[in-house]
There are 2 protein chains.
Amino acid sequence: MKTRNTIQKNLIKNTVLNLKNHPSAEEIYSEIIKTNPSVSKGTVYRNLGILADNGEILRIEMPNSPDRFDFRLEKHYHIQCDNCGKVFDLDVPCIEELEHIKDKEFLVTGYQLVFKGICKECKEG
Amino acid sequence: MKTRNTIQKNLIKNTVLNLKNHPSAEEIYSEIIKTNPSVSKGTVYRNLGILADNGEILRIEMPNSPDRFDFRLEKHYHIQCDNCGKVFDLDVPCIEELEHIKDKEFLVTGYQLVFKGICKECKEG
DNA sequence: CTTAATGCAAAAGCTTTGCAGCCGC
DNA sequence: GCGGCTGCAAAGCTTTTGCATTAAG
């Protein structure tokens, strides 16, 4: 099965690259239809999945809130504000210990780590 | 607002304590209606939330799969099999580094960490 | 009695999917 | 022209919620 280059796919990828926050599929969709109102939400979801599977963008699986997408591909961590729900990069070094977890029975292939807290704005507001 | 002791609430708590795997709300519900078919799913969800808020059980927020509940209250980590979806305790010490993450702007209040991998059964099967 | 909690069913929130038509190659 | 991709809408999955009724204290 050979994949094709569609304007939708490029649009979706570029939108993630340009929206440098950590947009959800819904936010990406909203941004896209500002200029291309005929693009459908299903296509956005489909292509975000494809792009993430290809390693062109990063999918951040959030606990009990919609997945976010990130243009930064290097390993780094995220924090979500319990109050406003916004997601930010956390500026801490990679935790080596996490990379070397082993188990007698399990073949460990990865992990998902998301911090929670209260962001600056919400603390002050 | 004073809370009441209902047979449903006790039933739900005991079911989590007895099902020592890491049941989802759905699994807890299925188990309960074996003996108490009139208990409703809404009540199960409601009470699991209350019990978790009270610290009587632990809610494990899973990435892209239903929340799980755990009778073990001490800090420990979980791993989910990518293949069969089952959740297990991971037998590793608490990672101290994770407990001391600080940020200039964020007030860090916690984190959610779930490992992924392939379980023994799925490796062999 | 008072009112918190339940059962039921509907709805909400996010995401996936079936299908007919469209368009990249 | 072939068949992968799209738009649309419907459905799926997990969880929450509104409301009349039940039952705990």
Side-chain angles (χ1 to χ4, degrees), chain A residues 1-16 22-54 56-69 80 84-87 112 114, chain B residues 1-16 22-54 56-69 80 84-87 112 114:
Chain A
M1 181 187 67
K2 191 155 60 166
T3 69
R4 290 176 185 173
N5 249 339
T6 62
I7 52 171
Q8 289 89 339
K9 183 178 293 180
N10 289 324
L11 195 51
I12 291 161
K13 179 169 179 183
N14 288 332
T15 304
V16 177
H22 299 81
S24 62
E26 188 67 40
E27 286 162 349
I28 293 160
Y29 172 70
S30 301
E31 186 63 24
I32 283 175
I33 58 170
K34 285 184 191 167
T35 51
N36 297 68
S38 67
V39 173
S40 78
K41 199 178 281 190
T43 295
V44 172
Y45 274 96
R46 252 184 307 237
N47 278 297
L48 287 171
I50 292 167
L51 290 166
D53 289 348
N54 290 350
E56 300 182 60
I57 62 174
L58 205 69
R59 178 195 292 269
I60 319 170
E61 298 183 325
M62 304 298 299
N64 295 332
S65 75
D67 283 0
R68 306 306 191 100
F69 296 88
Q80 181 171 38
C84 66
K86 288 201 190 105
V87 176
Q112 185 256 34
V114 177
Chain B
M1 182 186 71
K2 191 156 62 168
T3 69
R4 291 175 184 173
N5 249 339
T6 62
I7 53 173
Q8 289 88 341
K9 183 178 290 176
N10 290 323
L11 195 53
I12 290 161
K13 179 169 179 183
N14 289 332
T15 304
V16 177
H22 298 81
S24 62
E26 187 67 41
E27 287 162 348
I28 293 160
Y29 172 70
S30 300
E31 185 63 24
I32 283 174
I33 58 170
K34 285 184 192 167
T35 51
N36 298 68
S38 67
V39 173
S40 78
K41 200 179 281 191
T43 295
V44 172
Y45 273 95
R46 251 183 308 238
N47 278 297
L48 286 171
I50 292 167
L51 290 165
D53 289 349
N54 290 350
E56 300 182 60
I57 61 174
L58 206 70
R59 178 195 291 269
I60 320 170
E61 299 183 324
M62 305 297 298
N64 294 332
S65 75
D67 284 359
R68 305 307 191 99
F69 296 88
Q80 182 171 38
C84 66
K86 288 200 191 104
V87 176
Q112 186 255 34
V114 177

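Throughout, a chain's letter reflects where its sequence line sits, starting with A, and its residues are numbered from 1.
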Regarding [X], tell me which of base, sugar-phosphate or nothing describes its non-hydrogen contacts under 4.0 Å with the strands shown.
{"X": "A:Asn47", "answer": "sugar-phosphate"}
{"X": "A:Ser38", "answer": "sugar-phosphate"}
{"X": "A:Thr3", "answer": "sugar-phosphate"}

Write down the distance between [atom1] ([X]) and [atom2] ([N]), rounded to a whole number of angstrom.
{"X": "A:Met62", "N": "C:dG13", "atom1": "CE", "atom2": "C1'", "result": "16 Å"}
{"X": "B:Tyr29", "N": "D:dT16", "atom1": "OH", "atom2": "C1'", "result": "16 Å"}
{"X": "A:Arg59", "N": "C:dC14", "atom1": "CZ", "atom2": "C1'", "result": "11 Å"}
{"X": "A:Ile33", "N": "D:dT6", "atom1": "CD1", "atom2": "P", "result": "17 Å"}
{"X": "A:Ile32", "N": "D:dT6", "atom1": "CD1", "atom2": "P", "result": "11 Å"}
{"X": "A:Leu48", "N": "D:dC5", "atom1": "CG", "atom2": "C1'", "result": "15 Å"}
{"X": "B:Phe69", "N": "D:dT15", "atom1": "CZ", "atom2": "C1'", "result": "10 Å"}
{"X": "B:Ile50", "N": "D:dT16", "atom1": "CD1", "atom2": "C1'", "result": "13 Å"}

Worksheet item: Side chain of A:Tyr45: nearest nucleotide among C:dC14, C:dA5, D:dG25?
Response: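 Side chain of A:Tyr45 sits closest to C:dC14.
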Item to complete: Please tell me which of the listed nucleotides, C:dT15, C:dT6, D:dT6, lies nearest to the side chain of A:Ala25?
Response: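 Output: C:dT15.
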Between [X] and [N], does any side-chain N or O lie under 4.0 Å from OP1 or OP2?
{"X": "B:Thr43", "N": "C:dG7", "value": "yes"}
{"X": "A:Ser40", "N": "D:dA9", "value": "no"}
{"X": "B:Gln8", "N": "D:dA23", "value": "no"}

Fill in: Closest-nucleotide ordering on DNA chain D, the 5'-leading residue of B:Glu26 and B:Ile7
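Closer to the 5' end of DNA chain D: B:Glu26.
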Practice prompt. Return the 5'-most residue of the pair B:Arg46, B:Asp67 with respect to DNA chain D, ranking by each residue's nearest nucleotide.
Written response: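 Comparing both residues, the 5'-ward one is B:Asp67.
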Practice prompt. Using side-chain contact (heavy atoms from CB on, under 4.5 Å) as the criterion, point out the one residue from B:Ile57, B:Asn47, B:Leu51 that pairs with B:Val16.
Written response: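 Result for side-chain contact (heavy atoms from CB on, under 4.5 Å) with B:Val16: B:Ile57.
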Item to complete: Taking A:Glu27 for its side chain and A:Ser24 for its backbone only, find out whether a donor-acceptor pair lies under 3.5 Å.
Response: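 Answer holds: yes.
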Worksheet item: Does A:Gln112 reach the main-chain N or O of A:Glu61 with its side chain, forming a donor-acceptor pair under 3.5 Å?
Response: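 A pair under 3.5 Å: yes.
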Discussion item. If you compare all heavy atoms of B:Arg59 against all heavy atoms of B:Asp67, which two are closest, and at what distance to 0.1 Å?
Written reply: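 Here B:Arg59 and B:Asp67 meet closest at NH1-OD2, 2.7 Å.
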Fill in: Nearest-0.5 Å distance, CG of residue B:Asn54 to OG1 of residue B:Thr3
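Reported value, rounded in 0.5 Å steps: 7.5 Å.
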Discussion item. With nearest nucleotide decided by heavy atoms, which residue, B:Lys2 or B:Pro37, maps closer to the 5′ end of DNA chain C?
Written reply: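 Upstream on the strand: B:Lys2.
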Worksheet item: Has the side chain of A:Arg4 got a donor or acceptor that lies under 3.5 Å from a partner of the other kind on the base of D:dG4?
Response: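 When only heavy-atom distances are counted, A:Arg4 does reach the base of D:dG4 through a donor-acceptor pair under 3.5 Å.
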